[in-house]
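Right, one structure below, let's go through it.
When a ligand or atom number is given, it counts from 1 through the structure's own listing order. For reference, positions follow the sequence shown, starting with 1.
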Amino acid sequence: MTLLDLTWPLERAGEALTALAVQARLQPALRELGAPGTAVLADPDDAAIERWLAGAAAGLGLEAESVDTDVAGVDALLRTAAPALLRVGPGGRALLLLLRGGRRTLLVLAPDLRPRRVALDDVRRAVCEHVLAPLRGRAEALVDRTGLRGQRRERAVELLLRERLSVLRVGRAFILRPSPAAPLLRLLRAEGLLARAAALALLHAAELALMITAWWLIGGLVFAGRTDAGWSQAWLLLLLTVVPCRMGQAAIAGEILRSAGSLLKRRLLVGALALPGDLTRREGAGLLLGRVLETSAVESLGLRGGLVSLVAVLEFAAAVPILALGPAPVLHLALLAAWAALSVVLVARTGLHLTAWTDTRGELTHHLVEAMVGHRTRLAQEAPERWHEDDDARLVRVLARERDLNRSESLLVALLPRGWLVLGLAALLPAFVAGSAPAATIAAAIGGVLLAQRGLATFVVGATALLGCGVAVRQALPMLRAAESADAGAHGLMLSFPPVPEGQPLVVARGLGFRYPGRERPVLREVDLAIAAGDRLLLEGGSGGGKSTLGALVAGLREPTAGLVLLAGLDRPTLGLVGWRRRVAAAPQFHENHIVTATLAFNLLMGRSWPPTQKQLAEADAVCRELGLGELLDRMPSGLLQMVGETGWQLSHGERSRLFIARALLQSVDLVVLDESFAALDPATLQQALRCVLDRARAVLVIAHP
Ligand SMILES: Nc1ncnc2c1ncn2[C@@H]1O[C@H](COP(=O)(O)OP(=O)(O)OP(=O)(O)O)[C@@H](O)[C@H]1O
């Protein structure tokens, strides 16, 4: 059986995806996904099938991350990518389903749904051959002209190929994993975190059992007045066994911290990018920045706190039976319960102080960031004596809250474990003085008191960390919530998009209405609109009349609060934001549009897949020149690769507005919405830019003042 017999044709991509997900335990049962349509399969652009796979995976609550590599990186990819779908064969028309990686062999899922072992060498060949084959012939022909023969010829061919292949991308794989937006429990299970946490608890329980046995042994020997060498060796052995136990725990805890940390970061990133635009506008950049900063605490404090608290619970639980067997069981257990209740009260009090401190600190960050955002305006327009008016008062408030928090934390750390030690030992005094209990029982009870004290000390550390984490989670809540709904628009990814024929309806709106949240009156009411493919429209109106709002509705940036808007006959829930964006691109008004600190090429092509192809770069260059930016490009030392933005090459108002137009045109969509994009241009440049837009856009809606 050849490797090709183990591959799935691209037409069966849906079946292959769900089969792999089931085998890799990412999904409980096979699901009907359908097949990529002929339009997707026939699309010469690889992006169509990639989008289809991403959409289909999202439908299963999974993420199919597309990765590729150069020839040197293929082995590493094959070893680590599983579970993954690998495109192999000419044109990548077949899929190899990678179930498990390995050093020499890989486990793949065959079309008969049976896992099979294959040699890594064979898979590497299948992945690279289509790239290697055409080049090998040319390289051999080239070397033959030099007259080299035998081994030297072979070596020269290999070297030539390696040189060429170092820049060629091969081995496109789709790594399958639960979507960061999936329910938390599913993510934790998929990452093996629950199993690891159980292993950690087991190892710690074993360590405690070893320690208690060691105490019991040495205590018995001492109280019996025996110095038996055999027993002492057994005691030593027990203590030595604790060492691998500790090492195992440290290794597992590190693994848990690493994978849970990356999980959280992915979820927060997805959430941050899915935050509704209006929320970011309402809250302001400062508050959002504060929130993002707080999220680092979720990871460090939450994970550490969780692990430490788990250990504290085990230590506390181990102390209970020991104290119950001691000379004052009722008194000890009652005291322990009272102390546990006091701990909860003190921790809750600290939590309140921590919340208050974090809130005032967040306000301060917000105030400072907003001041910085408007810094240049303030320098130019505000009286200097008012620049720092509020800063001191805000700082004093933060410091007062911090003082309260410090006091509360000191009480927690100082009183809880030490107070218990004093009380626990005092409770043993009557039995000790009366001599009513055997010495070994008293010794065991002392051990129980010490164990509970260690548990309390660990609890204080864990609880403080968890409190910090709780407060940080509260700050990160908008992002975590947004992450849960981040895949809502993924469905539209699976649809293929032949362009709408000239004259056919592109955007149709009926009874469209829009009201901003918190506003009493709608901005738009009962709007009917029809834009056909090929239309060139100008939308004029007075200031504040709702032109930009209508443009945002057409571009899918906002959803109507009344009525219906269809794009190529489909509504927004069907297309999803991603699907809508692939048909309509917008250049929003100046205050809503930004130059990202990155290369000019990135700023121009950020709507396309990244990194760009040579063809896309050439297209970007051509559009810029048609918009009259040729002279600027020639002046920039790095041309399209010049860094622009706040800390890069500074662009003038008119240059920026043309960059925004180019960015919209380069998305190769059916309709371009340009909101006051020509306002900053002189008449001659305006004519030139307009010419370019009319030549390049399939349909255009220009918003302008009369
Ligand atoms: N994010 C928002 N939240 C609340 N109200 C808004 C928001 N954006 C715009 N508005 C209000 O909606 C109304 C219409 O605004 P819009 O920007 O659509 O008008 P416009 O016709 O484009 O105006 P202009 O020509 O001045 O740009 C205005 O009264 C504005 O105050």
Report task. Identify whether the distance between the nearest side-chain nitrogen and carboxylate oxygen of Glu619 and Lys615 falls below 4.0 Å. Result -> no
[X] versus [Y]: any side-chain heavy-atom pair under 4.5 Å?
X: Leu681; Y: Leu690; answer: no
X: Arg583; Y: Val500; answer: yes
X: Arg581; Y: Leu557; answer: yes
X: Leu553; Y: Leu524; answer: yes

Report task. List, ordered by chain and residue number, the protein residues whose closest non-hydrogen atom lies under 4.0 Å from any atom of ligand 1. Result ->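 Contacting ligand 1 under 4.0 Å are Asp278, Arg281, Tyr516, Arg519, Val523, Gly542, Ser543, Gly544, Gly545, Gly546, Lys547, Ser548, Thr549, Arg558, Gln589, Glu676, His705.
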Requested in this report: Using ring-ring contact (aromatic ring centres under 6.0 Å, His included) as the criterion, list what pairs up with His653, not counting sequence neighbours.
Outcome: Phe590
